[in-house]
Amino acid sequence: MPQVLPSLLSADFARLADEMARCAAAGATALHIDVMDAHFVPNLTLGPPIISALRKATSLQLDVHLMMSDPMRYAEDFRKAGSDAITIHVEAVGQRRMDDAITRLRALGCQVGLAFNPDTDPRLWWKWFDRVDLVMFMTVYPGFGGQAFIPEVRDYVRATRARFPRLPIQVDGGINRETIPQIVADGADRLVCGNAFFLDRDPAGFLRWAEAVR
Ligand code: DX5
Ligand code: ZN
């Protein structure tokens, strides 16, 4: 059964507490939070102080997506700020430092995720998949909300689902009423939705619909 994670990047940043309450009222149990460092991606968002403030204002799970060139330098700060899940990009860490990064993230006691840009072949990273709680395929090039879904990533989702039947597979970017049936059929079960959730006239209805897709 798929789970929708509203992405706060599409929320009104002047009213984040209200927006989080709106997510909870719509039936969400987790929120996706995009951290961008203006280096790994060409955009800049927020850091640990804002996560701490959000943590005090909601009991929803905080799923934190680190689009950062040096995520391990800040991972502990993000955990202390109240992140429940921390997802790092494999491109930022590289294969040589991956064992160490996963060991250190596991020691923080949160859920651990690995994210993949649309042109990164996950098969080269499969040997680490049994050490993490989720993998996340970017279905757009990260950096901005409201972009168009890249259909080529569907092959990676299908291949990963075939090889790892029980691993949570999250998808992020251009996930909406049109793309959800396809990507769920491919095997994704965690759906990050920015614009599709926040711009819907009936976000609760959208969430109910999306979580019933099989
Ligand atoms: C983009 C972010 C996404 C973004 C998705 O780099 O990682 O989480 O909020 O937004 P939509 O769903 O509008 O494509
Ligand atoms: Zn994201």
Side-chain angles (χ1 to χ4, degrees), residues 2-13 16 19-20 22-23 26 28 30-47 50-51 54 60-69 71 74-75 78 83-93 110-120 122 132-154 156-157 168-184 188-201 203 206-207 209-211 213:
Q3 178 189 7
V4 170
L5 295 90
S7 175
L8 274 196
L9 191 62
S10 295
D12 178 349
F13 270 50
L16 285 174
E19 294 284 63
M20 292 193 297
R22 192 152 78 94
C23 293
L31 293 172
H32 182 81
I33 301 176
D34 290 302
V35 176
M36 305 186 189
D37 68 351
H39 190 265
F40 185 74
V41 289
N43 198 1
L44 188 60
T45 55
L46 53 86
I50 309 266
I51 309 256
L54 298 175
L60 294 172
Q61 299 266 306
L62 301 180
D63 172 61
V64 175
H65 175 195
L66 298 184
M67 284 161 275
M68 307 180 76
S69 295
Y74 300 96
F78 280 102
S83 307
D84 296 295
I86 294 180
T87 294
I88 59 169
H89 269 267
V90 298
E91 302 86 359
V93 172
C110 56
Q111 287 207 303
V112 175
L114 297 179
F116 297 83
N117 281 338
D119 53 6
T120 299
V132 299
D133 301 301
L134 68 108
V135 294
M136 182 169 80
F137 294 110
M138 296 307 302
T139 35
V140 300
Y141 283 92
F144 301 92
Q147 303 185 77
F149 179 84
I150 299 173
E152 284 74 15
V153 182
R154 295 183 62 191
Y156 292 150
V157 174
I169 297 181
Q170 186 160 314
V171 284
D172 185 10
I175 303 300
N176 55 36
R177 286 185 190 268
E178 218 179 292
T179 54
I180 284 171
Q182 306 166 23
I183 206 75
V184 168
D189 51 10
R190 292 168 57 111
L191 311 169
V192 175
C193 297
N195 279 9
F197 178 86
F198 280 97
L199 302 185
D200 201 290
R201 259 182 290 161
F206 168 77
L207 187 138
W209 169 81
E211 295 193 341
V213 170

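Indexing begins at 1, ligand by ligand and atom by atom, following the structure's order. The chain is numbered in sequence order, starting from 1.
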*Where ligand 1 meets G146 - atom numbers and elements under 4.0 angstrom, heavy-atom basis*: 10 (O), 11 (P), 13 (O), 14 (O)
*Look only at interatomic distance and state if C193 has a nitrogen or oxygen under 3.5 Å from any nitrogen or oxygen of ligand 1.*
no
*asked:* Show the atoms of ligand 1 that are less than 4.0 angstrom away from any heavy atom in H32.
replied: 8 (O)
*Where the Zn ion (ligand 2) is the centre, what is the ND1-to-OD1 angle for H65 and D34, rounded to 10°?*
90°
_When you compare the side chain of L66 with that of F40, does any pair of heavy atoms fall below 4.5 Å?_
no
*Counting each atom of ligand 1 from 1 as listed, which ones have a heavy atom of M138 under 4.0 Å away?*
7 (O)
*Report yes if some N/O of Y141 lies less than 3.5 Å from some N/O of ligand 1; otherwise report no.*
no
*Does T87 reach the main-chain N or O of A115 with its side chain, forming a donor-acceptor pair under 3.5 Å?*
no
*asked:* Applying a heavy-atom cut-off of 4.0 Å, say which part of D34 lies close to ligand 1: side chain, backbone, both or neither.
replied: side chain
_Parallel, tilted or perpendicular, judged at 30° and 60°: which one describes the rings of H32 and H65?_
tilted
_With a sphere of 6.0 Å drawn around CZ of F144, does it hold more than 12 non-hydrogen atoms of other residues, nucleotides or ligands?_
yes
*Where's the contact between P142 and ligand 1, heavy-atom distance under 4.0 Å: side chain, backbone, both or neither?*
both
_How large, to 10°, is the angle at the Zn ion (ligand 2) when you draw lines to OD2 on D172 and to NE2 on H32?_
100°
*asked:* So for ligand 1, is M67 a polar contact partner (N or O within less than 3.5 Å, distance only)?
replied: no
*Would L9 and M36 count as a side chain to side chain contact (heavy atoms under 4.5 Å, CB included) if you check the C-alpha gap in whole Å, the side-chain angles of each, and the deciding distance to 0.1 Å?*
CA-CA 11 Å; L9 191 62; M36 305 186 189; 3.6 Å; yes
*Could you tell me whether some N/O pair between L9 and ligand 1 is separated by less than 3.5 angstrom?*
no
_So if I count the atoms of ligand 1 from 1 in the order they appear, which ones are less than 4.0 Å from some heavy atom of G173?_
14 (O)
*Find out whether F197 and R22 are in side-chain contact, i.e. whether some heavy atom of one side chain is under 4.5 Å from a heavy atom of the other.*
no
_Within-cut-off N or O pair, A196 and ligand 1, under 3.5 Å_ = no
*asked:* Give me the nearest non-hydrogen protein atom to atom 9 (O) of ligand 1 as residue plus atom name, then the distance to 0.1 Å.
replied: S7 OG, 2.7 Å
*By number and element, which atoms of ligand 1 are closer than 4.0 Å to a non-hydrogen atom of H65?*
7 (O)
*asked:* Under 4.0 Å from a heavy atom of G145: which atoms of ligand 1 are those, numbered in the order shown and with their elements?
replied: 10 (O), 13 (O)
*Sidechain-backbone polar pair: S83 side chain, I51 backbone, donor-acceptor under 3.5 Å*: no
